[in-house]
Chemist: 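Got a structure here, written out as structure tokens. Questions coming.
The chains referred to below are lettered A, B, ... by the order of the sequence lines, with proteins before strands, and numbering in each begins at 1. For the numbers below, each heavy atom of this structure counts, side chains included, while hydrogens, waters and symmetry mates do not.
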Amino acid sequence: MKPDILVICGPTASGKTALAAALARRFGGEVVSADSMQVYRGMDIGTAKPTRDETLGVPHHMLDVADPSENYSVARYVAEAVPIVDDILARGKLPIVAGGTGLYIDHLVAGRQFAPFEADSGLREELQARVRSEGLAALRLELEQVDPEAAARIHPNDEKRTVRALEVYLSTGKTITQHDRESREVPPRYTPLTIALNFQERPWLWERIDRRVDEMMERGLEQEVRRLLADGVPRDCTAMQAIGYKELAAAILEGRPVSNGAEEVKLRSRQYAKRQLTWFRRDRQAHWFQWEKIPDFSAALAFSTELVTGSGLQ
RNA sequence: GCCCAGGUAGCUCAGUUGGUAGAGCAGCGGACUGAAAAUCCGCGUGUCGCUGGUUCAACUCCGGCCCUGGGCA
């Protein structure tokens with residue numbers, strides 16, 4: 001089946017931004033970011049949001065669409081990104097979905113539906129409070145009653161998924177298992193041509209990450225974090241869970257040197273990159289481009305261009 | 001030069017009254033359906049500094065050597 005959108009994915013610091021912009025330029029496309037943290041306004045340096053120069057004059061969507069104190073979600077991402085992708089297609093241009101949040105990419109492409117209820121009903125907070133007072137095991141017992149399949153699938157220690165499963169059941173009357181089953185029957189929304197980026201050797205990626213964190217510090221990540229704190233962005237909100245922000249905020253508030261926090265950022269970024277790779281490796285359709293130690297950008301561009309033209313995308 | 005302490009996993013260290021070793025962190029692999037840069041699961045990866053000796057058996061005991069840190073000169 002002929003693809004209709006291009007997806008550029010890969011771990012953090014693998015060069016997605018530059019490749020996406022260059023390809024958009026070459027094929028007259030527009031970039032749709034798929035990044036759970038670049039959606040927040042005022043979080044530019046730490047999320048490595050494309051700078052004005054880096055966009056190469058190409059339209060970039062799904063950046064700066066939320067306030068850091070809002071809690072963004074996959075559901076909201078899909079609701080906002082789908083009309084944008086459709087519009088790009090309607091204008092006869094190429095949508096280039098680029099980002100490191102695998103969950104967002106998958107949901108955008110797959111067409112899955114979300115349980116129809118308000119995310120901010122307060123139910124989740126109630127359930128979390130119960131976890132603290134009664135213990136996770138109590139909620140798990142409850143889940144076993146209403147949705148044994150989900151209970152079997154979700155690990156006893158996985159608080160987030162246990163809470164989520166109960167949340168879906170309590171607010172819709174339908175189990176998450178049932179919901180997922182129905183959701184899987186929905187036909188995919190798009191047919192992606194996927195290019196995944198990585199480095200041939202893991203340490204080469206680490207070097208990239210380290211260097212990038214150093215650059216972030218030079219560009220004033222500390223000030224960016226202080227600004228968010230001064231603006232009263234709660235430390236427990238989603239935006240402040242972003243790597244780079246939570247570590248520096250902790251260092252600042254605990255009176256540790258920020259350089260100490262920066263080292264933590266490097267470590268957490270490496271670990272994050274590994275989880276991203278696990279996610280993207282699952283996609284057997286993805287075309288991997290593996291950088292050498294010294295990235296050869298024109299080689300990546302040639303590789304991608306051939307795929308795009310060869311697939312009939314353009 | 002002498003005295004003391006120590007050399008065990010990538011790092012910090014535990015341990016074996018002699019039967020080829022285990023924690024934390026790091027690392028590796030995996031999962032993931034409205035928090036996903038989140039969350040969760042699995043895996044020990046090793047010339048126990050080197051070299052002789054004692055012993056059925058040495059990482060462990062003994063000798064010598066090397067290295068590191070501290071002290072005395």
Chemist: Is there a side-chain contact between A:R270 and the phosphate of B:rG27, meaning an N or O under 4.0 Å from OP1 or OP2?
Modeler: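 A:R270 to B:rG27 OP1/OP2: side-chain N or O found under 4.0 Å.
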
Chemist: Output the distance between atom CG (A:D35) and atom NZ (A:K16), rounded to the nearest 0.5 Å.
Modeler: 7.5 Å

Chemist: Rounded off to whole Å, could you give me the NZ-to-P distance for the A:K16 and B:rA37 pair?
Modeler: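 Result: 10 Å.
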
Chemist: Using a heavy-atom cut-off of under 4.0 Å over every strand shown, decide if A:G46 touches base, sugar-phosphate, or nothing.
Modeler: base

Chemist: Across the strands shown, which category fits A:T47 at heavy-atom distances under 4.0 angstrom: base, sugar-phosphate, nothing?
Modeler: base

Chemist: Write down the distance separating the C1' atoms in B:rC66 and B:rG22, rounded off to the nearest Å.
Modeler: 28 Å

Chemist: First locate atom CE of A:M62, then atom CD of A:E80, and finally report the distance between them rounded to the nearest 0.5 Å.
Modeler: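 The distance works out to 4.5 Å.
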
Chemist: Anything under 30° is parallel, anything over 60° is perpendicular, the rest tilted; go ahead and classify A:F297 against A:W291.
Modeler: parallel

Chemist: Please determine, for the side chain of A:W279, which listed nucleotide (B:rA36, B:rG27, B:rA37) has the closest atom?
Modeler: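 Selected nucleotide (nearest to the side chain): B:rA36.
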
Chemist: Contact class for A:D35 vs. all strands (heavy atom < 4.0 Å): base, sugar-phosphate, or nothing?
Modeler: base

Chemist: Check the angle between the aromatic planes of A:Y72 and A:Y104 and answer parallel, tilted or perpendicular using the 30° and 60° thresholds.
Modeler: tilted

Chemist: Indicate whether OP1 or OP2 belonging to B:rC41 is found under 4.0 Å from a side-chain N or O atom of A:N157.
Modeler: yes

Chemist: Grab the CG-P distance between A:L136 and B:rU39 for me, whole Å please.
Modeler: 14 Å

Chemist: Nearest-nucleotide wise, let me know which of A:S183 and A:G102 is further upstream toward the 5' end of RNA chain B.
Modeler: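 Its nucleotide being nearer the 5' end, the pick is A:S183.
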
Chemist: Please examine the side chains of A:E207 and A:D210, heavy atoms only from C-beta on, and report whether any two atoms are closer than 4.5 Å.
Modeler: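 They are not in contact (no side-chain heavy atoms under 4.5 Å apart), so the answer is no.
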
Chemist: Using a cut-off of 4.0 Å on non-hydrogen atoms, how would the nucleic acid contact of A:L267 be classed: base, sugar-phosphate, or nothing?
Modeler: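 Answer is sugar-phosphate: A:L267 comes under 4.0 Å of backbone atoms only.
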
Chemist: Can you tell me which nucleotide in B:rC40, B:rU33, B:rG27 comes closest to the side chain of A:D180?
Modeler: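 For the A:D180 side chain, the nearest candidate turns out to be B:rU33.
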
Chemist: Is any side-chain nitrogen or oxygen of A:Q113 closer than 4.0 Å to OP1 or OP2 of B:rU33?
Modeler: no

Chemist: How long is the line joining CD1 of A:I243 and P of B:rA37, in whole Å?
Modeler: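 Roughly 8 Å, once rounded to whole Å.
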
Chemist: For the side chain of A:R124, counting heavy atoms from C-beta on, which of B:rA35, B:rU33, B:rC40 is nearest?
Modeler: B:rA35

Chemist: From CZ of A:R164 over to C1' of B:rA31, roughly how many Å is that when rounded to an integer?
Modeler: 18 Å

Chemist: Say whether A:S69 and A:D67, considering side chains only, have a donor N or O and an acceptor N or O under 3.5 Å apart.
Modeler: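 Looking only at side-chain atoms, A:D67 and A:S69 do form a donor-acceptor pair, the distance falling under 3.5 Å.
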
Chemist: Distance check, rounded to the nearest 0.5 Å: A:L170 atom CG versus A:E126 atom CD?
Modeler: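 Answer rounded to 0.5 Å: 9.0 Å.
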
Chemist: Pick the C1' atom in B:rG46 and in B:rU20, then give their distance to the nearest Å.
Modeler: 11 Å

Chemist: A:E70 near the nucleic acid: base, sugar-phosphate alone, or nothing, with a heavy-atom cut-off under 4.0 Å?
Modeler: nothing

Chemist: Does any N or O donor sit under 3.5 Å from an N or O acceptor when you compare the side chain of A:Q276 with the base of B:rA36?
Modeler: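 It does not, because no donor-acceptor pair links the side chain of A:Q276 to the base of B:rA36 below 3.5 Å.
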
Chemist: Checking side-chain polar atoms at under 3.5 Å, does A:E70 have a donor or acceptor matched by the opposite partner on A:Y40?
Modeler: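 There is no such pair between these side chains.
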
Chemist: With respect to the side chain of A:R202, which nucleotide from B:rC28, B:rC40, B:rA37 is positioned closest?
Modeler: B:rC28

Chemist: Can you tell me if A:S73 touches the phosphate of B:rA36, counting only side-chain N or O atoms and a distance under 4.0 Å to OP1 or OP2?
Modeler: no

Chemist: So, taking the atom named CG in A:L221 and the one named OG1 in A:T47, what distance separates them when rounded to the nearest 0.5 Å?
Modeler: 9.5 Å

Chemist: Which atoms form the tightest heavy-atom contact between A:T55 and A:P50, and what is the distance?
Modeler: CG2-CB, 4.0 Å

Chemist: Take the protein atom CG of A:N71 and the nucleotide atom C1' of B:rA36, then report the distance between them rounded to whole Å.
Modeler: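 So the CG-C1' distance, A:N71 to B:rA36, works out to 13 Å.
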
Chemist: Could you measure between the two P atoms, the one in B:rC3 and the one in B:rG63, and give it in whole Å?
Modeler: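 Between the two P atoms, the distance is 13 Å.
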
Chemist: Closest approach to the side chain of A:T278, judged atom by atom: which nucleotide of B:rG27, B:rU33, B:rA31 is it?
Modeler: B:rA31

Chemist: Is there a side-chain contact between A:R76 and the phosphate of B:rA35, meaning an N or O under 4.0 Å from OP1 or OP2?
Modeler: no

Chemist: Separation of A:E201 atom CD from B:rC28 atom C1', in whole Å?
Modeler: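 Distance, rounded to whole Å: 14 Å.
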
Chemist: When the distance from CD of A:E264 to P of B:rC25 is rounded to whole Å, what number comes out?
Modeler: 14 Å

Chemist: Determine: side-chain N/O of A:R281 to OP1/OP2 of B:rG30, distance under 4.0 Å, yes or no.
Modeler: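 For B:rG30, OP1 or OP2 has a side-chain N or O of A:R281 closer than 4.0 Å.
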
Chemist: Just the dot-bracket of RNA chain B, please: which string comes out with Watson-Crick or G-U pairs under 3.5 Å, [ ] for crossing, | for another strand?
Modeler: (((((((..((((.....[..))))((((((.......))))).)...(((((..]....)))))))))))).

Chemist: Indicate whether the side chain of A:R212 and that of A:S269 have a donor and an acceptor atom separated by less than 3.5 Å.
Modeler: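 Distance-only check fails for A:R212 and A:S269.
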
Chemist: Is the base of B:rG27 touched by the side chain of A:K274 through a donor-acceptor pair closer than 3.5 angstrom?
Modeler: no

Chemist: Whole angstroms only, please: what is the CZ-P distance between A:R268 and B:rA26?
Modeler: 9 Å

Chemist: Check every atom of B:rA26, B:rA31, B:rA37 against the side chain of A:Y272 and return the nucleotide holding the closest atom.
Modeler: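 So the nucleotide nearest the side chain must be B:rA37.
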
Chemist: More 5' along RNA chain B: A:R181 or A:Q38, using each one's nearest nucleotide?
Modeler: A:R181

Chemist: OP1 or OP2 of B:rA36 versus the side-chain N and O atoms of A:Q241: is any pair under 4.0 Å?
Modeler: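 False: A:Q241 side-chain N/O out of range (4.0 Å or more) of B:rA36 OP1/OP2.
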
Chemist: Counting side-chain heavy atoms from C-beta on, which of B:rG29, B:rA35, B:rA36 comes nearest to A:S36?
Modeler: B:rA36

Chemist: Does a nitrogen or oxygen in the side chain of A:Y104 sit under 4.0 Å from OP1 or OP2 of B:rA36?
Modeler: yes

Chemist: Using the C1' atom as the point on both nucleotides, what is the distance between B:rG27 and B:rA57, in whole Å?
Modeler: 35 Å

Chemist: Across the strands shown, which category fits A:Y72 at heavy-atom distances under 4.0 angstrom: base, sugar-phosphate, nothing?
Modeler: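 The residue A:Y72 makes sugar-phosphate contact but no base contact.
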
Chemist: With C1' as the reference atom in both, quote the distance from B:rC11 to B:rG53 in angstrom, rounded to an integer.
Modeler: 34 Å

